[in-house]
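One structure is given here, and the rest of the page talks about it.
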2 protein chains.
Amino acid sequence: MGNATLRPPAKAAAAQRLIRAAGQRLTAPRTAVLAVLLDAKRALTHHEIGSALAPGVPVDRVTVYRVLDWLVTLGLAHRIPGEDRTWRFVASRVDSHGPHAHFTCSRCGKTVCLEAVATPPDVKVPRGFLPQKVELTVQGLCASCH
Amino acid sequence: MGNATLRPPAKAAAAQRLIRAAGQRLTAPRTAVLAVLLDAKRALTHHEIGSALAPGVPVDRVTVYRVLDWLVTLGLAHRIPGEDRTWRFVASRVDSHGPHAHFTCSRCGKTVCLEAVATPPDVKVPRGFLPQKVELTVQGLCASCH
DNA sequence: GAGCGGGACGCAACCGAATTGCATCTGCAC
DNA sequence: GTGCAGATGCAATTCGGTTGCGTCCCGCTC
C-alpha cells in the first residue's frame, strides 16, 4: 500500500532524539514506533500502531510489543488498560508526567488524555496501604459517536 | 487463600434473596458465585472465584463467566479492568452504587473498593464528548506487600 | 404430583491478544 | 573493519475469554 499517511519527518527526528537522549540503541523499529506514538492524538492499541507504521518499514508484531514494553520501561510511553482487554499506549508528555485523566469512548474504544482534569491529590487509602499512582478514567461517548 | 472452609450460610441466603428479588431463576451456580462475591473483601478474578467455590459444587468455567456477565447486567456486580489484562468482579453495594474508587496492589494484584474516596463530580471533557462513568483507580502496594 | 417449555448448564472447540524460545542480524564501540 | 551484546523476525505456545450445541432442570400449569 502506498504511503497514504506520510509520517512527518519532524516526529521521526524527535523520536531519534529521545532515544539518543536515553542512551539507547537507535533502530528503525524503535524510531518508527515512537514516531507513531508522538504523532498520535490519542492512545493507540498495539494493532493500530502496527497498521500505522505499515506504509514505512514492515515491523514484526512481536517487535512492536517489545518496543512498546521497552518504551514504557524507559518512561517514554504510558500503558493504559482498556475495557476491551487490550492495552493502549501514549507517548509520555515530557512537560507533565504527573497524574492525569483518560477518556475512553465506550462505543469506538478511542482513548484520549484529559490534561485539564487533575486527579484529587489527597486519596484516602486503608491503613497500611501505600498509594503510588492515581488513574482517573472517564467512560462515555466521544464527539463522533453520539 | 485456598480456603477449604464452608461459605457462611448467611451469604448463600443473601445471594438467594437478591436473585429472587431480581425476578430471576434460582440455580446452584448463581447462588454459589454470588455468595462468593458477597463474602469477598476485595475484587476477585474469574479464576479466584472458580477456586473459591470449588469445595462446594463444581461449576464449569464457562458457567462462571456467564453468571458473572449476568450479574453485571443485572447490576448486582461490578466489573473492573485490571492491569494484568484480566477482569475482576465485586458485588455491588446496594447502599452506594455511585461512583467510587478502586485500589489495586501492583505486586499481588489485589483490588479493593475505596468507598471513602469520592470521584470528582465535575469532569471537564473536550467539546462534544459525553461522559457517562468516572472511574478512579489507585495503584500502589497493599498492607501485606510492603 | 406429573407434564412441559424455555432458559441455564456443561462440554469441547475456538479466538485473539500477548509471550516465549531461538536463530539471525545489526548498531555502535573499539 | 571487526566483534559482540543486544535487537529483530519467525514460529510455536500460553492464556483469558467466547461460542456452538446438546442436555438438564427451574418454575409454571394443569
Side-chain angles (χ1 to χ4, degrees), chain A residues 12 15-36 43-54 56-74 76-77 79-89 104 109 111, chain B residues 12 15-36 43-54 56-74 76-77 79-89 104 109 111:
Chain A
Q16 294 187 352
R17 235 179 308 118
L18 285 168
I19 296 171
R20 274 265 138 80
Q24 299 290 322
R25 276 169 71 163
L26 190 64
T27 68
R30 290 179 170 186
T31 307
V33 170
L34 184 49
V36 168
L44 302 177
T45 63
H46 152 264
H47 186 265
E48 290 169 331
I49 294 169
S51 51
L53 46 74
V57 201
V59 180
D60 191 76
R61 276 200 5 264
V62 178
T63 301
V64 175
Y65 277 117
R66 286 199 268 237
V67 168
L68 288 171
D69 229 34
W70 167 84
L71 286 171
V72 170
T73 305
L74 253 64
L76 289 176
R79 165 190 278 139
I80 310 168
E83 291 284 331
D84 55 357
R85 220 172 71 259
T86 66
W87 280 328
R88 287 157 208 279
F89 298 84
T104 301
T111 302
Chain B
Q16 293 186 353
R17 233 179 310 118
L18 284 168
I19 295 171
R20 275 265 137 81
Q24 299 291 321
R25 275 169 71 163
L26 189 64
T27 69
R30 289 179 171 188
T31 308
V33 170
L34 184 49
V36 168
L44 301 176
T45 63
H46 152 263
H47 186 267
E48 290 170 329
I49 294 170
S51 51
L53 47 74
V57 202
V59 180
D60 192 76
R61 242 165 33 93
V62 178
T63 302
V64 176
Y65 278 116
R66 285 199 268 236
V67 169
L68 288 171
D69 229 35
W70 168 82
L71 285 172
V72 170
T73 306
L74 253 63
L76 289 176
R79 167 190 276 141
I80 312 168
E83 291 284 331
D84 54 357
R85 215 172 77 258
T86 66
W87 280 328
R88 288 158 208 278
F89 298 84
T104 302
T111 301

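Hydrogens, waters and symmetry mates are skipped; everything else that's a heavy atom, side chains included, is used.
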Nearest-Å distance for atom pair CG/C1', residues B:Asp84 and C:dT19: 15 Å
Whole-Å gap separating P (C:dG16) and CD (A:Glu48): 17 Å
Touch class at under 4.0 angstrom, heavy-atom based, for B:Trp87 against every strand present: sugar-phosphate
Atom-pair distance (CZ on A:Arg88; P on C:dA17), nearest Å: 11 Å
Five-pair end axes of the helix from C:dG1-D:dC30 to C:dC30-D:dG1 and the angle they enclose, rounded to 10°: 30°
Nearest non-hydrogen partners of B:Ala15 and B:Ala35, listed with the distance: CB-N, 3.8 Å
Euclidean distance, B:Leu18 CG relative to B:Gln16 CD, rounded to 0.5 Å: 10.5 Å
B:Arg79 side-chain N/O to B:Trp87 backbone N/O, donor-acceptor pair under 3.5 Å: no
Between C:dA17 (P) and A:Leu44 (CG): distance, integer Å: 15 Å
Result of checking A:Leu44, A:Leu71, A:Thr27 against A:Val33 for side-chain contact (heavy atoms from CB on, under 4.5 Å): A:Leu71
Shortest non-hydrogen contact from A:Thr31 toward A:Ala12: CG2-O, 3.8 Å
Nearest heavy atoms of A:Glu48 and A:Ala43, plus distance in Å: OE1-O, 3.9 Å
Candidate pair A:Thr86 and A:His46, rule side chain to side chain contact (heavy atoms under 4.5 Å, CB included), full reasoning: CA-CA 8 Å; A:Thr86 66; A:His46 152 264; over 6 Å; no
Distance, nearest 0.5 Å, that separates CG of A:Leu68 from OG1 of A:Thr63: 10.5 Å
Any donor-acceptor N/O pair, B:Arg30 side chain to B:Arg25 backbone, under 3.5 Å: yes
Nearest-angstrom distance from the residue atom NE2 of A:His47 to P of C:dA17: 7 Å
A:Ala52 to A:Val36 - nearest heavy-atom pair and separation: CB-CG1, 3.9 Å
Atom pair CG/CD1 of B:Leu74 and B:Ile19 - distance to nearest 0.5 Å: 9.0 Å
Spacing of A:His46 atom NE2 relative to C:dG16 atom C1', expressed in whole Å: 12 Å
Earlier contact from the 5' end, DNA chain C, for B:Arg61 and B:Arg85: B:Arg61
Residue whose closest nucleotide on DNA chain D lies nearer the 5' end, A:Val64 versus B:Arg79: A:Val64
Approximate separation, where rounding is to 0.5 Å, of B:Leu26 CG and B:Gln24 CD: 10.5 Å
Atom-to-atom span, CG of A:Leu68 to P of C:dT19 - whole angstrom: 10 Å
N/O contacts under 3.5 Å, protein versus nucleotides 27-30 of chain C?
from, atom 1, to, atom 2, distance (Å)
C:dG27, O3', A:Leu26, O, 3.4
C:dC28, OP1, A:Arg20, NH2, 3.3
C:dC28, OP1, A:Leu26, N, 2.8
C:dC28, OP2, A:Arg20, NH2, 3.3

Phosphate OP1/OP2 of C:dA17: any A:Thr86 side-chain N/O under 4.0 Å: no
Chain A contact limits on DNA chain D, taken 5' to 3' with a cut-off of 4.0 angstrom to heavy atoms: D:dA5 to D:dG17
Sugar-phosphate, base or nothing in reach of B:Arg30, heavy atoms under 4.0 Å: sugar-phosphate
